[in-house]
Amino acid sequence: MNTTTESAVTEAELAAGRRAYELDRQHVFHSWSAQKQIKPMTVIRAEGSHVWDGEGRKLLDFSSQLVNTNIGHQHPKVVAAIQEQAGKLCTIAPQYVNDARSEAARLVSELTPGNLDTIFFTNGGADAVEHAVRMARLHTGRYKVLSAYRSYHGGTALAVNVTGDPRRIPNDYGTAGTVHFHAPFLYRSQFHATTEQEECSRALDHLEQIIQLEGPSAFAAVVLESIPGTAGIMVPPPGYLAGVRELTRRYGIMFIADEVMAGFGRSGKWFAVEHGGDVVPDLLTFAKGINSGYVPLGGVAISDEIAATFADKAYPGGLTYSGHPLACAAAVATIGAMREEGMVENAARLGDTVFGPGLAELAAKHPSVGEVRGTGAFWAVELVKNRETREPMAPYGASSPEMNTLISACKDRGLLPFANFNRLHVVPPLNVTDEEARTGLDILDDVLGIADTFVSE
């Protein structure tokens with residue numbers, strides 16, 4: 001846990017924040033944004049489960065930034081590990097062995113399911129997906145890739161085309177070899193299902209039909225978020241992940257489990273694919289929670305079968321910063337802290353005893369809540385204007401004045417939310433305290449009272 005003593009925000013910090021904002025608006029190009037239409041929030045300090053904005057307001061971070069600061073901000077064990085590594089070896093080219101990378105790879109291989117014992121380190125989640133797809137294509141000799149419409153896999157050229165959500169569309173020229181399908185989502189079922197069992201069965205039938213219609217021998221891989229994150233935290237129904245695994249084996253397709261957001265304890269297990277039972281993918285991508293983003297790091301965990309493909313044949317890919325010592329030292333310290341402090345178990349407990357019951361109470365109380373869903377410290381609140389029609393509070397692929405009002409109301413009350421389309425996500429650090437978790441739900445309760453005023457009969 002963070003043991004630093006909180007002090008009052010100083011005028012010097014506020015002045016530095018104002019200067020930072022001025023320079024940002026002059027020189028920084030922000031992602032996913034129309035540059036003149038944004039007013040980005042300045043962060044002048046972060047500690048534990050909180051950040052302080054440019055006005056000195058203390059905000060409970062229920063976003064974990066981009067759902068990546070799983071151990072919270074400024075964890076002293078990880079900060080110390082980075083400092084120690086910087087004093088010993090700041091950087092080294094990836095062709096040379098270094099102890100931080102070797103130990104990080106050992107620890108990841110201990111945690112991943114099955115025989116995913118070979119680790120290729122990347123700079124983040126998007127290039128982890130890029131390299132996983134490349135490995136699958138080279139291993140199978142096939143090209144096409146299947147992925148879900150409600151998904152996010154990264155912003156680089158291939159990863160954004162594997163992505164299903166609308167951010168893909170301006171970048172999609174139909175040349176990436178990607179084919180999309182509908183994954184299960186009972187609340188907005190594409191299959192006219194009324195039960196999880198129906199949704200699972202029909203979604204698997206749909207996926208197999210897509211494979212058959214497109215040609216089974218064309219597909220190198222299915223890329224699937226074990227639990228979709230930005231797309232809405234739709235926990236797959238029982239049997240779905242196992243069904244996908246069976247289909248991929250039947251047709252000789254590699255199964256890539258994208259654990260970039262859901263992995264490293266977020267779902268209450270080390271990897272979300274574990275919720276599917278004894279399911280072992282061929283490749284597993286990770287990033288974010290491996291070191292809580294303290295230094296950029298991602299990677300691919302590779303099965304023995306695929307690793308053997310490159311035993312005597314060179315893998316045509318690499319990155320200057322693959323296995324960067326500072327990033328890997330942070331990963332080693334993060335995994336150690338998570339184990340020592342029981343953070344994965346804490347996330348599971350919070351889901352069972354605080355977030356699950358608390359959000360269910362809010363759903364029963366507020367007509368603006370269409371559904372709550374999730375597990376561990378990984379939840380979504382689906383907001384609607386009408387429960388009967390399920391009209392979303394914002395259209396798919398966009399925001400709305402109503403959602404902007406709710407996001408501002410959260411911040412005004414001391415809560416930093418993660419919002420996407422018509423949803424507010426509850427995704428705090430895994431070591432958030434019970435008191436902090438309940439404080440966040442209390443603020444959300446108050447904000448949902450505002451959301452209720454947008455509900456139509």
Side-chain angles (χ1 to χ4, degrees), residues 116 118 120 122-183 203-226 228 231 241 243-260 280-286 298-319 322:
L116 302 174
T118 304
F120 176 74
T122 65
N123 301 327
D127 49 1
V129 171
E130 295 259 348
H131 283 279
V133 171
R134 186 182 303 184
M135 290 173 188
R137 284 172 166 171
L138 292 165
H139 176 72
T140 62
R142 302 172 178 180
Y143 188 71
K144 283 187 178 181
V145 178
L146 283 153
S147 58
Y149 275 110
R150 293 181 185 270
S151 69
Y152 181 74
H153 296 287
T156 51
L158 175 59
V160 81
N161 276 269
V162 176
T163 289
D165 89 11
R167 283 173 286 185
R168 177 194 85 252
I169 296 169
N171 302 289
D172 188 346
Y173 298 97
T175 58
T178 55
V179 175
H180 292 94
F181 62 93
H182 291 293
L204 289 170
D205 287 346
H206 161 72
L207 175 56
E208 183 168 24
Q209 185 179 49
I210 295 291
I211 292 170
Q212 292 172 343
L213 290 172
E214 291 279 343
S217 62
F219 287 109
V222 172
V223 184
L224 191 66
E225 290 175 279
S226 304
L241 291 178
V244 173
R245 173 74 279 192
E246 196 280 326
L247 282 175
T248 57
R249 285 203 175 102
R250 184 185 309 167
Y251 293 107
I253 300 169
M254 298 299 101
F255 181 16
I256 301 174
D258 184 342
E259 294 271 352
V260 168
V280 180
D282 299 290
L283 297 154
L284 182 150
T285 62
F286 60 86
V300 185
I302 308 164
S303 68
D304 291 344
E305 179 185 7
I306 294 179
T309 296
F310 305 104
D312 296 302
K313 179 175 70 174
Y315 173 65
L319 299 151
S322 177

Ignoring hydrogens and geometry, is there a side-chain-to-backbone donor-acceptor pair from [X] to [Y] under 3.5 Å?
X	Y	value
His182	Leu207	no
Glu130	Ala159	yes
Asp127	Asn123	yes
Arg167	Tyr152	no
Thr122	Gly299	yes

Quick one: closest heavy-atom pair of [X] and [Y], and the distance?
X	Y	value
Arg150	Pro228	O-CB, 4.1 Å
Asn161	Tyr173	OD1-N, 4.3 Å
Ala183	Ala148	CB-CB, 3.9 Å
Ile253	Arg142	CG1-NH1, 3.7 Å
Ile306	Leu283	CD1-CG, 3.7 Å
Thr163	Arg168	O-CD, 3.1 Å

> Can a salt bridge be assigned to the pair Glu246 and Arg250 using a cut-off of 4.0 Å between side-chain N and carboxylate O?
Replying inline: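 Salt bridge present between Glu246 and Arg250.
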> Are Asp282 and Arg245 within salt-bridge range, i.e. N to O under 4.0 Å?
Replying inline: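 Counted as a salt bridge, because a side-chain N and a carboxylate O are separated by less than 4.0 Å.
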Is [Y] close to [X] at the side-chain level, that is, under 4.5 Å between some pair of heavy atoms?
X	Y	result
Val145	Arg137	yes
Leu319	Phe120	yes
Ile256	Val133	yes
Tyr251	Gln212	yes
Thr285	Val223	no
His139	Glu305	yes
His153	Glu225	yes
Asp258	Ser147	no

Quick check for you: to the nearest 0.5 Å, what is the distance between [X] atom [atom1] and [Y] atom [atom2]?
X	Y	atom1	atom2	value
Asp304	Thr309	CG	OG1	11.0 Å
Leu158	His131	CG	NE2	10.5 Å
Thr140	Met135	OG1	CE	13.5 Å

>> For the CD atom on Gln209, are there more than 12 heavy atoms of other groups (residues, nucleotides or ligands in this structure) within a distance under 6.0 Å?
In response: no
> Can you list the residues that meet the ring-ring contact (aromatic ring centres under 6.0 Å, His included) rule with Phe310, with sequence neighbours excluded?
Replying inline: Tyr315
